[in-house]
Amino acid sequence: MVEKLDHPGGGTRLLLTPNRSLSWKGNVRIWMGLVVLSAIIGIGWALAGAWVILPFAGLELIAVAVGIYITSRDCQRKEVLTMERDRILLEKGRTQKNAQWTLPRPYTRLQLKAPVHPFAPAKLFLSHRDHRISLGGFLNVEDTQRLIETLESLGFVPERKQPDPEIGLWF
């Protein structure tokens, strides 16, 4: 998602976040539903004499819980792009800022690498000298296009690069 925020310094501030289709509480509710369903089926089979089902049902629920946790944690990523008249500030993190870059706006380029597949989003980079910083790598196709249009309206002209022809779709 691309969201414009108020910036008191007179510039523009964008908040980039992945799409979250379900909250943490919603994910826990789905998992609890799976626990109940798995318990009903597992206990039924255990009463029928196939008690060996229970440990595997437990392992399956643990694997699903780990997957839900990792996915939910990954969806908490944020990027804050602040553009002022003479500088660009990019901050990345989850619950707190983990990385920060300050680049001079007049000398910073926006590089756009075309996707290798029609359903994949383009890759965006902020580039200045030897620094090349990815921007919004978690955005989907529509949000990436919206970010490109927003940056173009702010005066950035993206340098478009085609993907390497040697790289296939399935490597």
Handout entry: Geometric cation-pi criterion Arg132 and Phe125, 6.0 Å radius, 45° cone
Key =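 The answer is yes, since Arg132 meets both limits relative to Phe125.
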Handout entry: Donor-acceptor pair, side chain of Arg109 and main chain of Leu126, under 3.5 angstrom
Key =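 Side chain of Arg109 to backbone of Leu126, a donor-acceptor pair under 3.5 Å: no, none is there.
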Problem - Exam field: side chain Arg87 to backbone Glu84, donor-acceptor pair closer than 3.5 Å - result: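 A pair under 3.5 Å: no.
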Exercise for the section: Look at atom CZ of Arg20 and say whether more than 12 heavy atoms of other residues, nucleotides or ligands are closer to it than 6.0 Å. Expected result: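 Buried by this count: over 12 neighbours within 6.0 Å.
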Problem - Passing candidate, side-chain contact (heavy atoms from CB on, under 4.5 Å) with Met83, options Arg13, Arg105, His7 - result: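 Going through Arg13, Arg105, His7 one by one, the side-chain contact (heavy atoms from CB on, under 4.5 Å) with Met83 is satisfied by Arg105 alone.
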Practice task
Could you point out which residue of Ile148, Leu112, Thr150, Leu110 forms a side-chain contact (heavy atoms from CB on, under 4.5 Å) with Phe156?
Solution key: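 Going through the options one by one, the only one that passes is Leu110.
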Shared hydrophobic cluster, [X] / [Y] (ILVMFWY, side-chain heavy atoms < 4.5 Å):
{"X": "Val64", "Y": "Ile70", "answer": "yes"}
{"X": "Phe56", "Y": "Ile43", "answer": "no"}
{"X": "Val66", "Y": "Val35", "answer": "yes"}
{"X": "Leu14", "Y": "Trp101", "answer": "yes"}
{"X": "Val28", "Y": "Ile68", "answer": "yes"}

Indicate the atoms forming the closest heavy-atom contact of [X] with [Y], along with that distance.
{"X": "Arg94", "Y": "Arg73", "answer": "NE-O, 3.2 Å"}
{"X": "Arg77", "Y": "Phe138", "answer": "NH2-CB, 2.9 Å"}
{"X": "Ile53", "Y": "Trp45", "answer": "CG1-CB, 4.0 Å"}
{"X": "Asn27", "Y": "Ser72", "answer": "ND2-OG, 2.8 Å"}
{"X": "Pro115", "Y": "Pro121", "answer": "CB-O, 3.6 Å"}
{"X": "Gly93", "Y": "Asn98", "answer": "CA-ND2, 3.8 Å"}

State the [atom1]-[atom2] distance between [X] and [Y], to the nearest 0.5 angstrom.
{"X": "Glu149", "Y": "Thr144", "atom1": "CD", "atom2": "OG1", "value": "11.0 Å"}
{"X": "Leu103", "Y": "Ile133", "atom1": "CG", "atom2": "CD1", "value": "4.5 Å"}
{"X": "Leu89", "Y": "Leu81", "atom1": "CG", "atom2": "CG", "value": "8.0 Å"}
{"X": "Cys75", "Y": "Trp24", "atom1": "SG", "atom2": "CH2", "value": "11.5 Å"}
{"X": "Leu139", "Y": "Glu79", "atom1": "CG", "atom2": "CD", "value": "7.5 Å"}
{"X": "Lys97", "Y": "Leu90", "atom1": "NZ", "atom2": "CG", "value": "11.0 Å"}

Handout entry: Close side-chain approach of Gln100 and Thr102, heavy atoms under 4.5 Å
Key =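 Yes - at least one pair of side-chain heavy atoms lies under 4.5 Å apart.
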Problem - Leu147 vs Leu135 side-chain heavy atoms within contact, under 4.5 Å - result: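 In contact.
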Exercise for the section: Any chance you could lay out the side-chain contact (heavy atoms from CB on, under 4.5 Å) test for Leu34 and Leu61, step after step, and finish with the verdict? Expected result: CA-CA 8 Å; Leu34 290 173; Leu61 291 171; 4.2 Å; yes
Handout entry: side-chain contact (heavy atoms from CB on, under 4.5 Å) between Leu15 and Lys78, intermediate numbers included
Key = CA-CA 7 Å; Leu15 174 64; Lys78 294 177 186 164; 4.3 Å; yes
Problem - Full working for side-chain contact (heavy atoms from CB on, under 4.5 Å) between Leu37 and Ile40 - result: CA-CA 5 Å; Leu37 181 65; Ile40 291 170; 5.5 Å; no
Exercise for the section: List the steps and the verdict of side-chain contact (heavy atoms from CB on, under 4.5 Å) for Thr12 and Lys4. Expected result: CA-CA 7 Å; Thr12 303; Lys4 264 190 172 178; 4.0 Å; yes
Practice task
Take Arg160 and Glu152, measure what salt bridge (charged side-chain N to carboxylate O under 4.0 Å, His left out) needs, and give me the verdict at the end.
Solution key: CA-CA 13 Å; Arg160 299 180 188 273; Glu152 284 177 336; 3.3 Å; yes
Practice task
Using distance alone, with no hydrogens and no angle criterion, decide if Lys92 and Ser134 have a side-chain donor and acceptor under 3.5 Å apart.
Solution key: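 Checked: Lys92/Ser134 side chains pair up, N/O donor to acceptor below 3.5 Å.
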